[in-house]
> 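Shown below is the structure under consideration.
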Amino acid sequence: MTQAIIVHDKQFVPYISSEEIEKQVSRLAREIERDYAGKRPLFIAILNGAFMFASDLFKHLEIEAEICFIKLASYKGTKSTGKVITAIGLDEELYKRHVIILEDIVDTGKTLHEFLPQLDHNHPSSLKIAALLNKPDSQIYDVKVDYLGFTIPNKFVLGYGLDYDGLGRNLDSIYQLTEE
Ligand code: IMP
């Protein structure tokens with residue numbers, strides 16, 4: 001993994017290897033197992049970006065657990081409410097469940113900040129967040145990541161489920177945008 005790659009019009013350089021990702025995903029699985037043994041947690045993976053992270057994390061788990069997938073849609077609302085984020089495909093009963101959100105990356109935190117109250121509304125027993133990546137320098141909304149793979153600087157990344165304008169999701173490692 002030494003080669004720079006071009007996706008659309010931009011150049012990206014190798015940043016986090018598939019081996020490092022595998023190591024951290026495995027660590028997260030051990031932490032979650034330790035905290036959720038006997039609780040049969042329900043994972044909610046947020047599409048599209050989290051599909052690879054969710055799949056790998058779930059394979060590593062050796063406790064009873066369930067998983068479902070949702071897609072978030074943003075709509076332009078009124079001037080006063082701004083963008084409203086709603087879940088498509090959330091048909092699981094969350095009442096009294098131990099819920100863990102699986103997110104690819106927390107950037108400004110807006111997505112989770114707006115989405116979490118919708119889940120709280122269903123009165124789960126607990127609600128935690130597992131994210132592969134977090135960019136604390138670009139965080140605007142207060143979102144607490146409970147299980148985190150990597151803290152990264154405020155630079156655009158792709159690969160391992162993350163895209164640049166639709167491309168790059170299939171890369172098994174993570175690349176970073178070259179300085180412009
Ligand atoms: P937030 O609402 O600003 O936290 O943005 C979260 C979403 O923005 C993520 O789920 C990603 O889909 C996308 N995103 C944020 N940063 C990046 C990046 O560096 N590469 C690719 N997608 C990103």
Side-chain angles (χ1 to χ4, degrees), residues 1 3-18 20-22 24-25 28 32 42-58 67-77 80-90 99-121 127-180:
M1 200 183 78
Q3 293 273 317
I5 57 168
I6 304 285
V7 177
H8 291 300
D9 55 337
K10 299 207 183 301
Q11 189 184 57
F12 294 82
V13 287
Y15 183 51
I16 305 174
S17 69
S18 56
E20 286 176 87
I21 295 171
E22 154 82 20
Q24 293 309 314
V25 171
L28 291 180
I32 291 170
L42 171 64
F43 291 89
I44 301 178
I46 301 179
L47 297 174
N48 294 327
F51 77 94
M52 212 177 270
F53 172 48
S55 166
D56 282 349
L57 182 74
F58 207 61
I67 189 165
C68 65
F69 296 82
I70 61 159
K71 206 169 162 122
L72 297 182
S74 305
Y75 300 96
K76 286 235 187 297
S80 58
T81 57
K83 275 190 168 178
V84 179
I85 294 176
T86 54
I88 300 170
L90 184 60
V99 174
I100 305 172
I101 305 294
L102 296 180
E103 177 65 305
D104 51 357
I105 182 166
V106 178
D107 185 21
T108 64
K110 182 180 170 69
T111 306
L112 291 176
H113 176 80
E114 293 194 8
F115 174 55
L116 290 181
Q118 293 182 36
L119 296 184
D120 253 339
H121 201 67
L127 182 56
K128 297 265 164 102
I129 297 168
L132 181 68
L133 303 162
N134 188 19
K135 291 181 182 170
D137 292 346
S138 60
Q139 201 163 324
I140 297 170
Y141 299 87
D142 192 22
V143 171
K144 180 173 170 273
V145 179
D146 303 282
Y147 301 96
L148 176 65
F150 301 89
T151 297
I152 62 168
N154 187 13
K155 284 187 188 167
F156 193 83
V157 289
L158 97 163
Y160 197 72
L162 291 150
D163 74 310
Y164 166 44
D165 216 1
L167 295 181
R169 294 192 198 276
N170 52 318
L171 297 163
D172 68 355
S173 58
I174 293 173
Y175 287 72
Q176 188 179 62
L177 183 63
T178 309
E179 299 290 350
E180 288 175 339

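Each ligand, and each atom within it, is numbered from 1 in the order the structure gives. What you see is a predicted model; the values in this text were computed from it and never measured.
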> Considering all heavy atoms of both residues, which atom of Val7 and which atom of Tyr164 are nearest to each other, and what is their separation?
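Looking at all heavy atoms of both residues, the shortest contact is O-CE2, 3.4 Å.
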> Would you compute the distance between atom CE of Met52 and atom CG of Leu162 and round it to the nearest 0.5 angstrom?
9.5 Å
> Hey, what do you get for OH (Tyr175) to CG (Leu158), rounding to the nearest 0.5 Å?
8.5 Å
> Got a sec, which residues hit ring pair (Phe, Tyr, Trp, His ring centres under 6.0 Å) with His121, two or more places apart in sequence or on another chain?
none
> For atom 1 (P) of ligand 1, what's the nearest protein heavy atom and its distance?
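Going by distance alone, atom 1 (P) of ligand 1 is nearest to Thr108 OG1, 3.4 Å.
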> Are any of the heavy atoms in Leu158 under 4.0 Å away from ligand 1?
no
> Can you tell me how far the CG atom of Leu28 sits from the CG atom of Asp56, to the nearest 0.5 Å?
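With rounding to 0.5 Å, CG (Leu28) is 11.5 Å from CG (Asp56).
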> Heavy-atom contacts with Glu103 under 4.0 Å: which atoms of ligand 1 show up? List them by number with element.
10 (O)
> Which atoms of ligand 1 sit under 4.0 Å from any heavy atom of Phe156?
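The atoms of ligand 1 under 4.0 Å from a heavy atom of Phe156 are 18 (C), 19 (O), 20 (N), 21 (C).
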> At the 4.0 Å heavy-atom cut-off, does Gln139 count as touching ligand 1?
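Heavy atoms of Gln139 never come under 4.0 Å of ligand 1.
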> Does any part of the side chain of Ile174, heavy atoms only, come nearer than 4.5 Å to the side chain of Phe12, both counted from C-beta?
no
> Check each heavy atom of Leu162 against ligand 1 and say whether those closer than 4.0 Å belong to the side chain, the backbone, both or neither.
side chain
> Any atom of ligand 1 sitting under 4.0 Å from a heavy atom of Gly109?
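Right, Gly109 reaches ligand 1.
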> If I take atom CG from residue Leu57 and atom CD1 from residue Ile32, how far apart are they, to the nearest 0.5 angstrom?
5.0 Å
> Using a 4.5 Å cut-off on heavy atoms from C-beta on, say whether the side chain of Leu148 contacts that of Val106.
no
> Please list, in number order, the atoms of ligand 1 under 4.0 Å from a heavy atom of Asp163.
21 (C)
> Which atoms of ligand 1 have any heavy atom of Thr111 under 4.0 Å away?
1 (P), 2 (O), 5 (O), 6 (C)
> Of all the non-hydrogen atoms in the protein, which one sits nearest to atom 17 (C) of ligand 1, and at what distance?
Lys135 NZ, 3.8 Å
> Checking a contact table here: which protein heavy atom is nearest atom 23 (C) of ligand 1, and how many Å away?
Ile105 CG2, 3.9 Å
> Counting only nitrogen or oxygen atoms and a 3.5 angstrom limit, does Val157 reach ligand 1?
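Between Val157 and ligand 1 (N or O atoms, distance only) the closest approach is under 3.5 Å.
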> Is a salt bridge present between Asp142 and Lys144, judged by a nitrogen-to-oxygen distance below 4.0 Å?
no
> Please round to the nearest 0.5 Å and tell me the distance separating atom CD1 of Ile44 and atom CD1 of Ile100.
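Those atoms lie 10.0 Å apart.
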> Would you mind checking which non-hydrogen protein atom is closest to atom 10 (O) of ligand 1, with the distance to 0.1 Å?
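The protein heavy atom lying closest is Asp104 OD1, 2.8 Å.
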> When you measure from the heavy atoms of Asn48 to every atom of ligand 1, does any distance fall below 4.0 Å?
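No; Asn48 lies far enough from ligand 1 that no heavy-atom distance drops under 4.0 Å.
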> Could you tell me whether atom 8 (O) of ligand 1 has at least one protein heavy atom nearer than 4.0 Å?
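No; the ligand atom in question lacks any protein heavy-atom contact below 4.0 Å.
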